[in-house]
Amino acid sequence: MGSGYDIGMSHDPIAESVLAFLREQDPEAGAILAAETERQATTLELIASENHASPAVMHAMGTCFTNKYAEGYPGARYYGGCVHHDELETLAQERAKRLFGCEFANVQPHSGAQANAAVFLAMLKPGDTFASLELSDGGHLSHGLKVNMSGKWFNPVHYPLHYDKGHERFEQIDYDAVEEVCREHKPKMLMCGYSAYPRVIDFARFREIADTCGALLMADIAHIAGLVAAGVHPAPFPHCDIVTTTTHKTLRGPRGGLIMTNDADLAKKINRAVFPGMQGGPLMHVIFAKAIAFGEALKPEFKAYQEQVVRNAKALASALAGRGYRITSGGTDNHVMLVDLQPRDAGLTGADAEQWLEQAGIITNKNGVPQDPRPPRVTSGLRLGTPALTTRGLGEGEMVLVAELIDRVLGSKGDEGICTQAREEVTQLCGRFPMP
Ligand code: DSN
């Protein structure tokens, strides 16, 4: 049984022969790859920012494009021998532009954090003020955390969620407060787009707010990029000036970053900030895989996949709520949910839950819930997402089963026997839904 949503997702003989080859070439390193292959095949991946890339994307990274320096951009390189690298990077750019409906795309950022850092370098001066959502409310460390460059060298001001339990939009973005923060602080840049926010982002409203204070509007759509590409979440263009993303989460490409804009002047600044401002040689083998992933995302099957991601998230959230867990903001509109463990068991921490579930082969990450009384290494919540399970072909029926397994493990407080039994059931379930 395969996912049925995409190209070649049910069996990968090339990966098997590569593994056999590497085990022969370097038994020590090959054994680690074998173990990780087995781990991924026999566990349920519920980390919202992870996915299982297609065989084409995976193998694209293991090609001769890794051998080349191509500093610069197509047609303007600092090394000879770049003719095919120019073709390739142009192809990746063109596909990204079609996918997200924009005029300019820089496909070179090595990661989402580096894409964001390049935007800071291009658009702000040290000490400039920008507005964002705090990490503890669902933002990202590169959106102004004190220990991150964005918080050390720039001046973040944060806008809130609705924290009033009685409010109909409890734990959702308080757009009026965003506007107040912008009026008071006059940020040079307003950031939206998050790492742990389960609701639709109103980019049009953000545009109106940015215009009240003359701020640039930047969206980091790292989490929802696949949904946006498939039209399952509203698009940031034409509302946003700059859009950054990763390519490996819902978008299901290789690990990497991407920056887009419709403005030719901003594009020039962004290009200079990525190279030579932030990075040296681009990872051309990864750009090759990005081009392939963008090609996959342009196919109609990708829309069906993303629609199922959202249906699965809703089914999982509803099944967990039915078992006494609180889903923050009352549910999810996208691929991710934040599960507040406290109503189910006041003593249960996210750290314990993550560890016990891993013993049962269910991979999650602890995550603070808004206004979490516990520190980030402990937390009262779990962040769960459905992109990877959906790639494997699990549907809403299986989400109910996954919720039951999660509850059984957590309800037992990680009892060894219960975890072992659940681990066996997880392995069997994984066997019914093989890896890409
Ligand atoms: N670390 C990523 C996540 O898990 O959401 C964000 O960069």
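Counting starts at 1 for both ligands and their atoms, following the listed order. These numbers come from a predicted model, not from an experiment.
Annotation: Tyr175 is not in aromatic contact with Tyr159 [ring centroid separation under 6.0 Å not met]. Between Phe120 and Phe154, the ring centre distance stays below 6.0 Å.
Under the 6.0 Å distance and 45° angle rule, Arg252 does not count as a cation-pi partner of Phe302.
Contacts of His248 classified as ring pair (Phe, Tyr, Trp, His ring centres under 6.0 Å), with partners at least two apart in sequence or in another chain: none.
Between His85 and Phe65, the ring planes are perpendicular. Angles over 60° get that label, and only those under 30° would be called parallel.
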Ligand 1 N/O to protein N/O, distances under 3.5 Å:
from, atom 1, to, atom 2, distance (Å)
ligand 1, 4 (O), Ser49, OG, 2.7
ligand 1, 4 (O), Arg383, NH2, 2.7
ligand 1, 5 (O), His223, NE2, 2.7
ligand 1, 5 (O), Arg383, NH1, 2.9
ligand 1, 7 (O), His140, NE2, 2.8

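Side chain of Gln306 to main chain of Thr250: a donor-acceptor pair is present (N/O by atom type, distance under 3.5 Å, no hydrogens or angles).
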